[in-house]
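Before any comments, here is the structure.
Bear in mind the structure is a predicted one, so any value in this text is a computation, not a measurement.
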Amino acid sequence: MTRLGTAFRRAAAVAVCLIAAASVQAPAQAKAEPKAPREFTDLRSVAPTVLHDIRYTGPHNFVGVPVDGYRRPLCILTRPAAQALARAQRTLLRQGYSLKVYDCYRPQRAVDHFVEWAEDLADERMKAEFYPRVEKSRLFADGYIAEKSGHSRGSTVDLTLVRLPAAPTRPYVPGEPLAACHAPQADRFPDNSVDMGTGYDCFDTLSHTDDPRITGVQRANRQLLKGVLAAEGFVNLPEEWWHFTYRPEVFPQTFFDFPVAERSLRGHGG
């Protein structure tokens, strides 16, 4: 073999070794998280006086643990929906009330978490509060859990009313005795909202906005919330007094999966 051939073989061998070493030593790159389109915003930047009680960030929800994709207790919405809430808030403040949001944009991974939880019939740790009169095996058939949610499109919000000045709400303590969400307000988990007849996320027909069993002050509170929001373009889901969607939706066919976190909005400029 010629000297040139020998030198070439040696160079090639060294190159192969270097490439192999680099492939072993180079750390695997973390998968980049999806970002929110520029049409999304943090509600606090548009309506800073709206109260927040983002339930899926912590364990006080029907799953009983923080839900996948909720990194921070934020209300992220499409900008038109957030601006409509700001207008509704101004109307309510003049009447001595504030809006309080429980959930806004919901990533698809959170919806997947709900589905996985619903399929695990053995996990009923939160049944006594959130679905005491419904068998967990019926949650899909009865429409309480689904594989897609309008929340993932960014223009749907779960919310309630709080009479001002807002009283503090004590924190939920995991493992504490649970009270049925359909019980009288004094017997439910203490929430500083007005009496809507049930607690939030109550899987029960009593949560239907116009259920005839809801009368008096409870009905008046539901109708106040519904009326003020309807005037700003929100449509109520009849099965849930707390659930409203702003129409027309900016993304009527898209289900997003970016996490609920400030970094999802980074670079939006507010």
Side-chain angles (χ1 to χ4, degrees), residues 51-70 73 75 100-107 109-152 156-162 169-211 213-214 218 221-222 225 236-244 260:
L51 303 174
H52 287 53
D53 183 5
I54 307 300
R55 291 290 184 88
Y56 300 144
T57 307
H60 189 209
N61 57 67
F62 59 85
V63 178
V65 298
V67 177
D68 291 350
Y70 285 83
C75 174
K100 181 172 79 167
V101 291
Y102 291 117
D103 189 36
C104 301
Y105 158 74
R106 180 184 305 165
R109 70 190 76 182
V111 179
D112 295 341
H113 189 171
F114 292 164
V115 170
E116 181 181 0
W117 165 82
E119 291 174 341
D120 180 5
L121 299 183
D123 182 356
E124 293 190 326
R125 74 187 83 177
M126 303 301 285
K127 178 177 173 60
E129 179 172 353
F130 292 97
Y131 52 107
R133 299 193 287 202
V134 178
E135 292 301 318
K136 192 174 183 184
S137 61
R138 295 285 311 171
L139 293 182
F140 286 108
D142 291 350
Y144 294 113
I145 300 293
E147 294 182 351
K148 294 289 184 181
S149 170
H151 281 275
S152 302
T156 294
V157 59
D158 294 342
L159 73 176
T160 189
L161 295 174
V162 175
T169 299
R170 73 163 176 82
Y172 166 76
V173 179
E176 69 174 80
L178 301 176
C181 59
H182 59 74
Q185 186 182 36
D187 298 331
R188 301 196 297 265
F189 180 84
D191 187 307
N192 63 354
S193 66
V194 302
D195 187 4
M196 291 290 190
T198 76
Y200 168 60
D201 259 357
C202 188
F203 296 173
D204 195 283
T205 56
L206 203 62
S207 295
H208 293 187
T209 306
D210 293 321
D211 188 285
R213 293 168 292 177
I214 299 298
Q218 297 171 342
N221 289 335
R222 291 189 183 189
L225 178 65
N236 175 241
L237 179 68
E239 291 77 20
E240 298 177 351
W241 60 257
W242 56 81
H243 180 120
F244 291 84
V260 179

(request) Quick one: pull up CZ in R55 and CG in D201 and give me the separation to the nearest 0.5 Å. (result) 8.0 Å

(message) Can you give me the closest heavy-atom contact between V134 and R138, atom names plus distance?
(response) CG1-CB, 4.3 Å

(message) Can you tell whether the side chains of E176 and R170 come within less than 4.0 Å, N to carboxylate O?
(response) yes

(request) For the pair F130 and H60, evaluate side-chain contact (heavy atoms from CB on, under 4.5 Å) and give the outcome as yes or no after the intermediate values. (result) CA-CA 10 Å; F130 292 97; H60 189 209; 4.0 Å; yes

(request) Please determine if K100 forms a cation-pi arrangement with W242, meaning its NZ or CZ atom is less than 6.0 Å from the six-membered ring centre and no more than 45° off the ring axis. (result) no

(message) For V63 and M126: C-alpha separation, side-chain torsions, deciding distance, then whether side-chain contact (heavy atoms from CB on, under 4.5 Å) applies.
(response) CA-CA 7 Å; V63 178; M126 303 301 285; over 6 Å; no

(request) Please assess M196 against T160 for the test side-chain contact (heavy atoms from CB on, under 4.5 Å), listing each intermediate value before the final yes or no. (result) CA-CA 8 Å; M196 291 290 190; T160 189; 3.8 Å; yes

(message) Using modelled atom types and a 3.5 Å cut-off, is there a donor and acceptor pairing between side-chain atoms of K136 and backbone atoms of D123?
(response) yes

(message) Between D68 and R109, does any NZ, NE, NH1 or NH2 come within less than 4.0 Å of an OD or OE carboxylate oxygen?
(response) no

(message) Can you tell whether the side chains of D211 and R222 come within less than 4.0 Å, N to carboxylate O?
(response) no

(request) With sequence neighbours left out, write down each residue that passes salt bridge (Lys or Arg N to Asp or Glu O under 4.0 Å) with D103, or none if nothing qualifies. (result) R106

(request) Indicate, with yes or no, if the rings of Y70 and Y56 have centres closer together than 6.0 Å. (result) yes

(request) Quick one: sort the Y200 and Y102 rings into parallel, tilted or perpendicular, breaks at 30° and 60°. (result) parallel

(message) Please tell me whether R213 and T205 have a donor and an acceptor in their side chains that are separated by less than 3.5 angstrom.
(response) yes

(message) Let me confirm one number: the CZ-NE2 distance from F203 to H182, rounded to the nearest 0.5 Å.
(response) 13.5 Å

(message) Run the side-chain contact (heavy atoms from CB on, under 4.5 Å) test on D195 and R188 for me, step by step, so that the C-alpha distance in whole Å, both residues' side-chain angles and the decisive distance to 0.1 Å come before the verdict.
(response) CA-CA 10 Å; D195 187 4; R188 301 196 297 265; 3.1 Å; yes

(message) For E239, give me all partners under side chain to side chain contact (heavy atoms under 4.5 Å, CB included), at least two apart in sequence or on another chain.
(response) H208, L237

(message) Is any side-chain heavy atom of C181 closer than 4.5 Å to one of P132?
(response) yes

(request) Kindly give the heavy-atom pair with the smallest separation between G197 and I214, and that separation in Å. (result) CA-CD1, 4.0 Å

(request) State, with a plain yes or no, whether a side-chain heavy atom of V162 is found less than 4.5 Å away from one of V194. (result) no

(request) Can you label the angle between the Y172 ring and the F189 ring as parallel, tilted or perpendicular, going by 30° and 60°? (result) perpendicular

(message) Please give me the minimum heavy-atom distance between L178 and A128, naming the atom from each residue.
(response) CB-CB, 4.0 Å

(message) Can you list everything that forms a side chain to side chain contact (heavy atoms under 4.5 Å, CB included) with C104? Sequence neighbours excluded, please.
(response) C75, L77, V101, V157

(request) Return yes if some donor-acceptor pair links the side-chain N/O of S149 with the main-chain N/O of V111 below 3.5 Å, else return no. (result) no

(message) When you compare the side chains of D191 and T169, does any donor N or O come within less than 3.5 Å of an acceptor on the partner?
(response) no

(request) May I ask you to check whether over 12 heavy atoms, not counting those of E147, lie within 6.0 Å of atom CD? (result) no

(message) Pair T198, W241 - check side-chain hydrogen bond (donor to acceptor under 3.5 Å, both in side chains), show working.
(response) CA-CA 9 Å; T198 76; W241 60 257; 2.9 Å; yes

(request) Assess the side chains of D204 and Y144: does a donor N or O sit below 3.5 Å from an acceptor N or O? (result) no

(message) Within this structure, what is the OG1-CG distance for the pair T209 and N236, rounded to the nearest 0.5 Å?
(response) 3.5 Å

(message) Before we go on, tell me: are the rings of Y131 and F62 under 6.0 Å apart, centre to centre?
(response) no

(request) Report yes or no: does N221 contribute a side-chain atom to a donor-acceptor pair with the main-chain N or O of L225 at less than 3.5 Å? (result) no

